[in-house]
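All values derive from a computational prediction rather than experimental measurement. Below, chain A is the first sequence line, B the second, and so on; all start at residue 1.
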Amino acid sequence: MSYLSIEGLSKSYGDVTVLHGVNLSIEQGEFISLLGPSGCGKTTTLQMIAGFIDPSNGDIRLQGQSLLGRPPAQRGLGMVFQSYALFVHMTVRENIEFGLQMRGVSRAERARQVSQSLELVQLGAHGDKFPRDLSGGQRQRVALARALIIKPPLLLLDEPLSNLDAKLRHDMQTELRSIQRQVGTTTIMVTHDQDEALAMSDRVALLDRGRIVRFDKPNHLYDDPGSHFAADFIGRANLLDGEIVLRGGQRQFVCGSGSLALDAELPCGRATFSLRPERIDLVEDPAAVLNGKVVGCMFKGNCWLVTVMTELGVLQVMRANRGQVAVLPGAQVGLSWEPSALRHVASASELPTTHFGGGR
Amino acid sequence: MSHSSVLTPRRRAFEFSSRALLLLLPACLLFIALLAIPMLMTGELSLHGFNSATSDVLATRSWHNYDRVLFDPYYQTIFLRTLGLALAVTVGTVVLGVPEAYIIFRMRPRWRAFFLIMTLAPLLISAVVRTLGWSILLSQNGIVSTTLVWLGLIDGNAQMLFSFWAVVVVLIHALVPLVILSVWTSLQGIDPQSCNAALSLGAGPMTVWRRIVLPQVLPGVLSGSLMTFALSASAFATPALIGGRRVKVAATAAYDEFLNTLNWPVGATIAVLLLLLNLLVIGVYGKLVERRIQRRLGR
């Protein structure tokens, strides 16, 4: 029996179904991300767990008990909102204290817990300030402290970092995760930022148009995306659409005007493969799996992003910056990769999608 | 923290150029000619003596009229009634208007537009028409009296029109839109998620209203109630038509002095005292509430 189980959760507004029978099992203490493009139903799912939206179908069970039919106030879940939703007319201390007041905790005990919680989020010196006097990151921490002080069985984060600038967002990712580890609260975070989801989560649920297409550990999800949509949405991928044929006892993948030898036992017919740019190496001719001509080279600081025209089509290659000279457009290069880097994914036609990869 | 008023947002100091002054000139002249000069003349008039035998304004100046109006029980009653009326109307509009604004605000957009127009309707109708409508409703064989008699709550001879509470009811109807509008503006400034946050922390809907919504709409309540107080203390048409001779307030008393008794100096005295009363109450109340709000909301 898992800690939180979501069974066949659906939501329709009239004829429009925004969520189609979502199933999720989450273990105690896990940090889960609901990741997907806008309109994929991730926020709707979170709002249904919190109790702000009633599902059309399905069940949400926390430690075996259904949450449905209970108003948000009785679910006792901690929630951090995208806008932080701090009470602007209350000081930081009063904001954090609010949940304890609602539970009738004595004044002395409240004061003790609030100072403890202020220390946890490193706001010890700001307790008597009003939210308007705090920076974005500090407000974020107040919102987190306010949600955690009621010791919720579940912490819900709705795009918690999307209002912060890039540098601060990165710092808060680390901090948020370390606080979560300290208190050990099972957490569900909604985000559209795949970096954030990969960096922070124990497991990521990838949603596409109201369905969970994948629920897995971040590295599994990245290395073996499994679907065209996942390969394209998570990170950068060269997506190769082609056909698997049998030529003289050898399976070959025909794509564009070229072909690749395959080791794997895959059925013949149309297929799509994903190849991550950082898994491709630029090598000298004899070792190359494939040859091509450089058509572009973009400097990204930590790496070069090289665009190579090959027989298979245009491929993006990521080359770590170790002080090499830039590859000039027009140069002939050899490409090579380990066989495991080439991943078969369910093609776009099997899972209809409007997203098409940059590698086509 | 700046000490600017809650009612006027903080702004960058404005540099007056000669062109700006030129543009301001027509408005200034209008105010000087139609407001400042008549006010000064009223103030001056209130100091003159009056010969009741000949109905002449005397050239002598003294504080005699103030002495008379302030210490005569007849005028004291009128001023106390005016104050009571304004307070009752203010309390009534706030008690009705604040929840009403919130309820309408939380409605679906379509109903919201409909009910908002319905509540603002009193502002769109001429004061005289609105008041006459009420006098038909409240008259002895009007619908309100008939219903109450039928229910056995009052007997057939009771007079609803020309009573203090009738004036209060009609003024509340006329002025409640002002409270709703100013509370509405404050409601729009509240992050709707903060109500959800309070719910998720274990607050019931009433607690959310009391602890989250109400403190944040206080500036709107303050400005709405100040407008209501000032307008009901100086209201003329409603007390005159609904209250009649029996419910005399400061504004109708001043009118009677000017046009019936022809004692202009006493009429002017009443007008000046009404203005001072208004300024005093608004100033003291405004400052008290404003200080509280400023500390909390930083506005």
Side-chain angles (χ1 to χ4, degrees), chain A residues 43 46-47 49-53 67 70-91 94-105 128-134 139 142-152 154-160 163, chain B residues 1-4 6-7 9-10 98 101-102 105-110 182-183 185-223 288-299:
Chain A
T43 300
L46 198 76
Q47 298 260 336
I49 299 172
F52 299 126
I53 300 179
L67 288 178
R70 284 202 253 165
Q74 285 174 29
R75 298 192 185 197
L77 310 181
M79 184 145 181
V80 174
F81 294 83
Q82 188 171 6
S83 62
Y84 313 141
L86 297 180
F87 309 135
V88 295
H89 57 294
M90 298 185 193
T91 61
E94 290 167 329
N95 262 282
I96 298 176
E97 198 176 27
F98 189 83
L100 295 179
Q101 277 179 350
M102 294 301 115
R103 279 161 180 73
V105 176
D128 295 320
K129 290 189 179 170
F130 284 95
R132 60 175 180 272
D133 299 324
L134 300 180
R139 285 180 204 181
V142 176
L144 186 64
R146 185 179 66 176
L148 283 176
I149 202 160
I150 59 172
K151 301 201 169 57
L154 201 59
L155 176 65
L156 306 173
L157 308 172
D158 185 8
E159 306 252 4
N163 285 342
Chain B
M1 184 111 317
S2 118
H3 292 280
S4 60
V6 267
L7 306 178
R10 267 175 278 169
V98 176
Y102 183 64
F105 189 76
R106 293 292 302 267
M107 283 180 173
R108 288 158 192 272
R110 196 167 10 132
S182 49
V183 170
T185 319
S186 296
L187 280 171
Q188 284 175 324
I190 298 181
D191 177 0
Q193 296 285 41
S194 68
C195 297
N196 278 348
L199 285 175
S200 80
L201 289 168
M206 282 314 288
T207 313
V208 171
W209 157 248
R210 193 172 50 83
R211 296 278 318 266
I212 309 300
V213 178
L214 201 55
Q216 294 191 62
V217 298
L218 267 188
V221 177
L222 172 66
S223 53
L288 281 180
V289 186
E290 197 175 277
R291 196 172 307 152
R292 222 182 104 83
I293 294 171
Q294 213 166 52
R295 199 169 64 79
R296 286 271 126 187
L297 295 176
R299 293 188 199 152

Could you tell me which portion of [X] (side chain, backbone, both or neither) has an atom closer than 4.5 angstrom to a non-hydrogen atom of chain B?
X         : value
Gln101(A) : side chain
Arg75(A)  : neither
Leu77(A)  : backbone
Leu86(A)  : backbone

A side-chain contact here means heavy atoms from C-beta on lying under 4.5 Å apart; do [X] and [Y] qualify?
X         : Y         : result
Phe81(A)  : Ser194(B) : no
Arg211(B) : Phe98(A)  : yes
Ile190(B) : His89(A)  : no
Leu201(B) : Phe87(A)  : yes

Original post:
Got a sec: does the CZ of Arg103(A) have more than 12 other heavy atoms crowding it under 6.0 Å?
Top reply: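 Counting other residues, nucleotides and ligands, CZ of Arg103(A) exceeds 12 neighbours.
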Original post:
Top residue by heavy-atom pair count (under 4.5 Å) with chain B, among Ala147(A), Ser83(A), Pro131(A)?
Top reply: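 Top count of heavy-atom pairs under 4.5 Å with chain B: Ser83(A).
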**OP:** State the OG-CD1 distance between Ser200(B) and Ile150(A), to the nearest 0.5 angstrom.
**Re:**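 Spacing of OG (Ser200(B)) from CD1 (Ile150(A)) equals 6.0 Å.
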Original post:
Between atom CG of Leu199(B) and atom CE of Met79(A), what is the distance when rounded to the nearest 0.5 Å?
Top reply: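 Rounded to the nearest 0.5 Å, the CG-CE separation comes out at 11.5 Å.
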Subject >> chain A contact via Asn196(B) - which portion, at a heavy-atom distance below 4.5 Å >> reply: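 The answer is both parts of Asn196(B).
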Original post:
Which heavy atom of Ala73(A) sits nearest a heavy atom of Ala203(B), and at what distance?
Top reply: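 So the minimum-distance heavy-atom pair works out to CB-O, 3.6 Å.
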